[in-house]
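To start, the structure under review is shown below, and the notes come after it.
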Amino acid sequence: MAASRMSVFSCFLHVFLSSPAIAALKKYDFNIQVKNVSRLCNAKPIVTVNGMFPGPTIYVREGDQVLVNVTNHAQYNVSIHWHGLKQFRNGWADGPAYITLCPIRSGRSYTYNFTVTGQRGTLWWHAHILWLRATVYGAIVVMPKEGTPFPFPQPYQETNIILGEWWNQDVETIVNQANKLGLPPQPSDAPTINGKPGPLFPCSEKHTFAMEVESGKTYLLRIINAALNDELFFTIAGHNMTVVEIDAVYTKPFTSQAILITPGQTTNVLIKADQSPSRYFMAARAFMDAPITVDNKTATAIFQYKGIPNTVLPTLPQLPAPNDTKYALNYNSKLRSLNTPQFPAKVPLQIDRHLFYTIGLGMNPCPTCQNGTQLVASLNNITFVMPKVGLLQAHYFNLSGVFRTDFPDQPPAPFNYTGASLTANLATTTGTRLSKLRFNSTVELVIQDTNLLSVESHPFHLHGFNFFVVGSGIGNFDPEKDPAKFNLVDPPERNTVGVPTGGWTAIRFRADNPGVWFMHCHLELHTMWGLKMAFVVENGKSAEETVLPPPKDLPPC
Ligand code: C2O
């Protein structure tokens, strides 16, 4: 007894004393190349990184410097975004095309050079131009510093679960044709788990992801929603999951039968193989509670106990119904930051700048389109127009005429945002208009869904920062009553949040990262239609509060 206690103790000491946390340099080569891939009885060329689908995992420790040399062998201009990495003063490595840099042209290379500080957990990377992220994506795993344990029981093993969408035809062709007609592109042909649709789809025997587990052991799943347009429910038959982290921030653990994850978000769960040894389906299906077409196709993968033959039929899971708003709201309400002395939730309590942005969908005239109209989207009635040069370059080098800094803090005129259906366009304008934030100022932004054309849930992503989701509700935000209900103690901290259908979400962040930072709906359809804007965060006083100089190999425009 004494001896075993002793060895546990010395093992602890060993972990804490013998491993000084030395940051390392991690180098990756990403070759953007086209490869023939077959799914759903159909083969087609897709754009990949290193011929892999999904792409390679970036595996680093907190504190590491990372160099990713990207060489573009594809016919498209390409840029890669490291979704959720804060890129302090270093937007040059952030990657959204024409926002922080011009894309890498065919035949050229660029090295993304960044250091991962103050973050650990699961994030992901994806192409950030056109719809190329349909096939160009992968996981980023940031391990805690050596000797720093997780704040939850050490799992036996871990697995990445990347959810995506597969189209049978070439995605860029589909999107171009749809835009010519002024209509939304057709929905994907299948959702996928680690690039594979699973056995509910034809020709999928070879295209089913399976993970083998040992009875009694606990596993960490790093779940990423890389889908283009679907918020997803994810579940495992017969097992409960314990949520321990979202968007690379630890949470207060809670168990759930299914999780909800929007495009852009990540969720780490612990799962114990504590059921009778068999084969169980993991499944992902869209959550969609708006009065528009529901995609109820289900991707499946297999959670397989060791020693169980493949001939055993897997147990089917119970997923929440695609329109189960109650499940979605209840799930989101359980998310809380861990908020311990080691991992505090630094929620801004005094707010310097109050912003209120309305989401609008609309129809613009389009003489060449099929119905004579074209769908558009806007924030505060502004449809964002992509510039021809990188906004960060324009900001850094003081180029005039590229953007304006008069993005309005409020919509032009208040209205009953979520009242009766509205078809009017409310005089939407177009422009490359940014909102200027003072360095280190605190910002509260309420994002309000509206009934312009249709209410719908929108996953909003902010580059360069994490934010705290201090409040959320259905209907119109009430500036008199709702702030009193904000959680300013342990709200979830993340980089992407789902604004509920016909409702609002309030986020807070500190503008302590100078540069130009994109904010957009992470449904690619809506980003394309203009549901996006950017913040320009001014430099602070000292050199350490100033945007870094651009790297020498920054792609030319
Ligand atoms: Cu995950 Cu601007 O993107």
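Whatever order the structure lists ligands and atoms in, that order sets their numbers, starting from 1.
Enclosure of atom NZ in Lys334 by more than 12 non-hydrogen atoms of other residues, nucleotides or ligands within 6.0 angstrom is indicated.
For the pair Lys44 and Trp166, the cation-pi test (distance below 6.0 Å, angle within 45°) is passed.
Within the coordination shell of atom 2 (Cu) of ligand 1, defined by N, O or S atoms under 2.8 Å, His522 is absent. Taking 2.8 Å as the criterion, His126 counts as a coordinating residue of atom 1 (Cu) of ligand 1, since one of its N, O or S atoms falls below it. Among the atoms of His81, no N, O or S atom is found under 2.8 Å from atom 2 (Cu) of ligand 1.
Ion pair Glu444/Arg508 flagged as a salt bridge, since at least one NZ, NE, NH1 or NH2 atom sits closer than 4.0 Å to an Asp/Glu carboxylate oxygen.
Here the N, O or S atom of His520 that is nearest to atom 2 (Cu) of ligand 1 is NE2. Closest approach between atom 1 (Cu) of ligand 1 and any N/O/S atom of His83 involves ND1.
Here the two rings, on Phe465 and Phe535, have centers that are 6.0 Å apart or farther.
Here the angle centred on atom 2 (Cu) of ligand 1, running from NE2 of His128 over to NE2 of His463, is 110°, rounded to 10°.
Within the 3.5 Å criterion, the main-chain N or O of Leu220 finds no donor-acceptor partner in the side chain of Asn268.
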